[in-house]
Participant: 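First, the structure itself, so that you have it in front of you.
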Amino acid sequence: ENSPEARAVRELITAQEIQLGRAKRAWFMPSFFLVGNYAGDLSEGDVDFPGIADEGGSFSINLTYPIVQGGLKASEIAKAEVDLEGLQQQLELVEQRVEQRTRTSVRLVENSFPRIKFALEAARAAGASLVIVQDKYAEGILNVTDLLSAQNEKFSSDQLLEVATYQYLIDLVELQRSISWFEEEKSPGEREELANTIVAVQTAAPEQGAADEE
């Protein structure tokens, strides 16, 4: 419903339906023409123009129905119907692409969000390990190589946490783009409604798949 691409095709379908209706009405609706003329007294001083001395006018209504153009009308209807069918198929294809992008984006968000938790746990573990190594290095139990290794592990873990966070944000923005729905423009109630809708759809999908298998 939000996709600009889908809305554009729907507008084209509406316009094409109007064209099809016009082509069908052409079978029954004749053409009307209103023709009128008026002549006045043209003179200059005491000189009158001959033949246009009397003032008056007339009008007529004409009706035409070109029977011999029946084949042309039929072809126009057939073309309009084919064009309409093509637009309807185009809309179906657009909606399928939007759905595919949306489902893919939802899966990416589902996968990238938990990675933040895992990366955070790894960073915390690396930090705790670094503290232990530093204490043992201070006591002379471990050498500088062990200390550098622990520091490098902590640095790598922190970097992975940043990468996981940014990847989640990228996936989240891609999800919003796929459904043409942007969080900053919505109220808290609208955000919650979307979240509940996604959860409901994702919950219903496995149940539908099981029903299809049965």
Side-chain angles (χ1 to χ4, degrees), residues 1-37 58-113 167-187 189-214:
E1 294 178 358
N2 296 335
S3 171
E5 185 180 3
R7 287 204 304 266
V9 179
R10 292 191 190 101
E11 292 296 330
L12 291 176
I13 289 177
T14 300
Q16 188 59 35
E17 287 175 344
I18 295 175
Q19 292 295 328
L20 178 58
R22 182 196 62 78
K24 289 182 176 180
R25 288 192 300 271
W27 280 102
F28 313 101
M29 295 293 295
S31 300
F32 292 90
F33 299 93
L34 176 63
V35 180
N37 61 76
S58 65
F59 71 91
S60 62
I61 298 176
N62 301 326
L63 182 150
T64 61
Y65 187 82
I67 300 177
V68 296
Q69 294 184 6
L72 177 60
K73 293 181 179 180
S75 65
E76 290 179 352
I77 293 176
K79 183 180 183 301
E81 290 177 340
V82 170
D83 292 342
L84 178 59
E85 182 179 355
L87 289 173
Q88 291 171 341
Q89 293 177 353
Q90 181 180 349
L91 176 60
E92 182 178 357
L93 180 61
V94 168
E95 291 177 342
Q96 289 176 354
R97 286 202 300 261
V98 172
E99 180 178 358
Q100 181 184 16
R101 289 197 302 264
T102 302
R103 291 187 179 275
T104 301
S105 300
V106 169
R107 295 301 185 190
L108 291 175
V109 170
E110 287 179 338
N111 293 330
S112 60
F113 183 71
Q167 185 60 53
Y168 165 72
L169 294 176
I170 292 173
D171 293 340
L172 183 61
V173 171
E174 184 61 30
L175 171 60
Q176 296 181 25
R177 289 180 58 190
S178 66
I179 59 177
S180 302
W181 185 100
F182 298 96
E183 182 178 2
E184 297 300 327
E185 302 174 353
K186 305 299 179 180
S187 65
E190 291 174 322
R191 299 175 190 175
E192 183 178 0
E193 181 182 359
L194 176 65
N196 294 335
T197 299
I198 293 178
V199 171
V201 171
Q202 295 299 97
T203 303
E207 297 178 354
Q208 181 64 40
D212 294 341
E213 291 179 0
E214 294 178 359

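When reading the values below, keep in mind they use all heavy atoms of this one structure, side chains included, and skip hydrogens, waters and symmetry mates.
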Participant: For Glu192, enumerate each residue passing the salt bridge (Lys or Arg N to Asp or Glu O under 4.0 Å) test, keeping only those at least two apart in sequence or located in another chain.
Facilitator: none
Participant: Tell me the closest heavy-atom pair linking Leu84 and Leu20, and the distance in Å.
Facilitator: CD2-CD2, 3.8 Å
Participant: CZ/Phe113 to CG/Leu108 distance, rounded to the nearest 0.5 angstrom?
Facilitator: 15.0 Å
Participant: Filter on salt bridge (Lys or Arg N to Asp or Glu O under 4.0 Å), then keep only pairs touching residues 6-24, sequence neighbours left out; what's left?
Facilitator: Arg10-Glu95
Participant: Would you check if the side chain of Gln167 reaches a backbone N or O of Ser112 as a donor-acceptor pair within less than 3.5 Å?
Facilitator: no
Participant: What distance separates Glu5 CD from Leu93 CG, expressed to the nearest 0.5 Å?
Facilitator: 8.5 Å
Participant: Atom OG of Ser3 and atom CD of Glu99: how far apart are they, to the nearest 0.5 Å?
Facilitator: 12.5 Å
Participant: What distance separates Ile13 CD1 from Ile18 CD1, expressed to the nearest 0.5 Å?
Facilitator: 12.5 Å
Participant: List the residues meeting side chain to side chain contact (heavy atoms under 4.5 Å, CB included) with Asp83, not counting sequence neighbours, and say none if there are none.
Facilitator: Gln16, Lys79
Participant: Please name the pair of heavy atoms, one in Leu12 and one in Leu87, separated by the smallest distance, quoted to 0.1 Å.
Facilitator: O-CD1, 3.6 Å
Participant: Report, as yes or no, whether the 6.0 Å neighbourhood of atom CD on Gln100 holds more than 12 heavy atoms from other residues, nucleotides or ligands.
Facilitator: no
Participant: So, are Arg177 and Glu174 salt-bridged, with charged N and O less than 4.0 Å apart?
Facilitator: yes
Participant: Find the distance between CZ (Arg191) and CD (Glu185) and round it off to the nearest 0.5 Å.
Facilitator: 10.5 Å
Participant: CG of Asn2 to OG1 of Thr102: how many Å apart, nearest 0.5 Å?
Facilitator: 10.0 Å
